[in-house]
Amino acid sequence: SKATVSVLNCITHTHAASTMSSVSSDDNPFENPAQEVAADEDPFSKPAPAAQHVDPAPVADDDDDDADVAEIPTSAEPPAVTRTPSAGGIGVEDYTQKGIFLGSDSGARARVSCTVCEPRMTMPDSAMALAYWIYSVVTKTDEEGWNGGAKVSRRYSDFDWLREQIVHDFPGCIVPPLPEKTAKGHIEKVMLSNVELLSYRQRALTKFIQCAFAHHKVQTTPHLKAFCTLDDAAWEAHKSATKKENAEKDGGAIAGATASVKEGFFKMFKKKEETAVDQEALKGLQEKAQYAKEMEETMLLAHDRLKRHIDDQVATGKSMAELSGFLNSAGDLESNADDVLAQDMKNSGTYTSNLGRLYQDHAKKETIFVLEPLSFYIQTFIGIQAEAKRLQNLLTKAAVANDDKKSAEAAHEKASGEKKTKAKVSMLLATDVHEKTSKKCEDALALFAQEWENFHTNKVRDLRHVQKVFIELQVVHSSQQERLEHPPIQPAVFGSDE
């Protein structure tokens with residue numbers, strides 16, 4: 001259909017822009033896939049993925065209760081695919097079935113898997129507050145000290161706190177994204193008017209935790225273990241203690257910078273334009289941020305167009321279900337007059353019902369295997385822009401600290417007597433702040449460069465895979481429509497009028 005071609009063009013354009021703007025022609029994985037994707041990992045050599053995503057506990061029963069409807073051909077389910085997780089960075093692989101290996105040693109390693117499930121709405125104590133949802137986080141692992149795993153309850157705000165803490169503790173890290181949150185979505189969840197939104201939220205939150213465990217650095221943070229194991233009271237105490245620790249740590253750094261110069265902390269803001277920042281590093285960050293912004297906008301267009309395409313299929317499926325009901329009712333009314341016509345109408349109702357279910361099933365698969373990966377990368381590109389901005393600010397702070405150090409050294413050289421002793425203390429403080437800030441900046445930039453390479457490798461593989469899955473789903477859907485023929489209907493509806 002025109003909608004299908006349009007969506008595919010958007011996805012292809014997205015991937016082409018991604019490849020051309022982030023790698024040179026010499027190392028373009030499209031020209032030589034073996035450079036970035038091993039032969040046994042090439043998505044073009046594998047079938048479409050099975051529905052291995054988390055099967056959340058339903059909030060409402062949306063199964064089809066019509067037991068009389070003939071079963072849709074089982075070929076609607078794409079065959080299973082095995083994909084090897086990356087060594088670092090993030091991607092849209094589903095780790096639920098195989099779990100994640102902790103650590104990077106080549107020897108025996110612990111395995112961990114995590115699932116977000118069992119959503120339940122909680123009413124707040126205050127009449128002015130809105131209701132919120134709580135999810136169960138189920139972790140299973142053979143890691144020493146975990147006692148086999150745990151099951152805890154967490155709100156979306158807890159996931160958000162964990163992500164913000166990871167961003168704080170690992171500057172330069174491309175942190176896995178959380179599912180987008182909108183006021184409209186909150187109202188729909190509270191009113192139970194969108195069960196699919198709850199299911200998506202569970203899959204996306206599961207993906208966030210899985211990617212966090214799969215990341216070679218993020219998996220080492222104690223906050224991740226605390227998130228997955230502590231009970232409610234202990235978890236709240238952990239967050240409070242972390243907040244206090246961060247305030248003391250960050251406040252100490254600010255106090256040191258303030259003590260190192262007479263102008264105080266606000267000098268950092270006044271000197272931004274006149275401070276000599278590393279222009280090469282700054283330009284690299286700005287280019288990556290601009291690329292991420294353009295990719296976000298392009299993928300958002302593809303996402304919105306595909307969403308409309310899926311919504312149309314859902315609407316068609318519902319219309320077919322309604323038409324099936326009308327045909328069955330007409331068959332019941334006709335049964336007293338003409339049994340043959342009555343049976344033909346009921347058979348047509350069965351066929352129409354199956355066709356409607358086929359559209360619904362196809363829409364659900366496109367949502368999980370194509371739309372949600374696009375959402376994942378849209379949110380990731382937003383996160384990359386935010387991280388690039390944080391690193392630019394860190395570059396400015398490092399440059400300011402360097403200027404303060406030079407100013408303190410010059411003041412120490414000019415001072416004499418008791419003033420020289422005070423100037424020496426200020427110089428030592430400024431030197432300490434400069435060394436720590438410069439080291440933090442260098443480490444963050446090095447990590448970001450490594451993360452960028454890993455991210456690109458995963459992105460190329462994932463977007464190629466998404467395109468392949470999208471095309472295969474269209475082929476399967478068209479084939480099923482052709483095979484969806486109800487034998488009793490054919491002589492009366494499709495046959496001759498003898």
Side-chain angles (χ1 to χ4, degrees), residues 164-175 216-218 220-223 239-289 383-452:
E164 288 301 316
Q165 195 58 44
I166 292 172
V167 169
H168 177 273
D169 292 350
F170 298 97
C173 179
I174 299 179
V175 182
H216 63 291
K217 281 190 173 294
V218 175
T220 63
T221 178
H223 305 300
K239 290 195 296 183
S240 298
T242 302
K243 181 179 180 180
K244 182 179 179 181
E245 179 182 341
N246 289 343
E248 293 176 351
K249 182 178 178 181
D250 297 340
I254 294 174
T258 304
S260 65
V261 290
K262 293 182 179 180
E263 291 81 358
F265 175 70
F266 291 101
K267 181 180 178 182
M268 296 176 64
F269 299 97
K270 295 178 181 179
K271 293 180 61 178
K272 276 187 177 180
E273 294 184 358
E274 59 189 75
T275 298
V277 180
D278 186 338
Q279 293 301 314
E280 183 178 353
L282 182 61
K283 181 181 178 181
L285 290 173
Q286 290 172 341
E287 289 176 349
K288 288 180 172 60
I384 288 175
Q385 295 173 63
E387 188 58 34
K389 186 174 182 179
R390 280 189 288 267
L391 291 178
Q392 291 178 51
N393 290 336
L394 190 56
L395 273 173
T396 300
K397 289 180 181 180
V400 168
N402 184 50
D403 288 352
D404 291 344
K405 172 176 169 289
K406 291 179 180 179
S407 297
E409 289 173 345
H412 177 258
E413 286 292 328
K414 295 178 180 179
S416 59
E418 294 182 0
K419 291 184 177 180
K420 193 171 187 67
T421 302
K422 294 181 178 179
K424 183 176 181 179
V425 173
S426 297
M427 181 184 69
L428 293 175
L429 285 173
T431 301
D432 182 63
V433 170
H434 170 256
E435 290 177 351
K436 289 180 179 178
T437 306
S438 298
K439 181 67 165 55
K440 182 178 180 180
C441 185
E442 291 173 4
D443 292 345
L445 291 173
L447 176 59
F448 188 69
Q450 179 186 357
E451 291 279 282
W452 185 261

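Because the structure is a prediction, the values reported are computed rather than measured. The figures here come from the full heavy-atom set of this structure, side chains too, leaving out hydrogens, waters and symmetry mates.
Remark: Leu282 CG to Thr396 OG1 distance equals 7.0 Å, nearest 0.5 Å. From Asp278, atom CG reaches atom NZ of Lys283 across 12.5 Å, with rounding to the nearest 0.5 Å. The CD atom of Glu413 lies 8.0 Å from the CE atom of Met427; values are rounded to the nearest 0.5 Å. Between atom NZ of residue Lys405 and atom CG of residue Leu429 there is a gap of 13.5 Å, rounded to the nearest 0.5 Å. Between the CG atom in Asn402 and the NZ atom in Lys406 there is a gap of 4.5 Å [rounded to 0.5 Å]. If you take NZ on Lys389 and CG on Asn393, they are separated by 7.0 Å, rounding to the nearest 0.5 Å.
Heavy-atom minimum distance, Ala444 versus Leu394: CB-CD2, 3.9 Å. What you find for Ala289 and Gln385 is that their closest heavy atoms are O-CG, 3.7 Å. The heavy-atom pair separating Phe170 from Lys217 by the smallest distance is CZ-O, 3.6 Å. Taking each heavy atom of Gln286 and Gln392 in turn, the nearest pair found is CG-OE1, 3.9 Å. In terms of heavy-atom proximity, Leu447 sits nearest to Pro171 at CD2-O, 3.6 Å. Closest non-hydrogen pair, Ala398 versus Cys441, comes out as CB-CB, 4.2 Å.
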Please evaluate residues Val167 and Arg390 with respect to the criterion side chain to side chain contact (heavy atoms under 4.5 Å, CB included), reporting the C-alpha separation (whole Å), side-chain torsions for both, the decisive distance (0.1 Å), and the verdict. CA-CA 10 Å; Val167 169; Arg390 280 189 288 267; 3.3 Å; yes
For the pair Gln165 and Asn246, evaluate side chain to side chain contact (heavy atoms under 4.5 Å, CB included) and give the outcome as yes or no after the intermediate values. CA-CA 10 Å; Gln165 195 58 44; Asn246 289 343; 3.1 Å; yes
Apply side chain to side chain contact (heavy atoms under 4.5 Å, CB included) to residues Lys422 and Lys419 and explain how you reach the verdict. CA-CA 5 Å; Lys422 294 181 178 179; Lys419 291 184 177 180; 5.7 Å; no
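Taking a 6.0 Å sphere around NZ of Lys436, one finds it holds 12 or fewer heavy atoms contributed by other residues, nucleotides or ligands.
For the pair Glu451 (side chain) and Ile174 (backbone), a donor-acceptor distance under 3.5 Å is present. With Thr220 contributing its side chain and His216 its backbone, the two residues share no donor-acceptor pair below 3.5 Å.
Contact check for Glu248 versus Lys244: side-chain heavy atoms found under the 4.5 Å cut-off. Contact of the Leu285 side chain with the Leu445 side chain is registered, since non-hydrogen atoms from C-beta on lie closer than 4.5 Å.
Between Glu435 and Lys439 no salt bridge is recorded (no basic side-chain N to carboxylate O distance below 4.0 Å).
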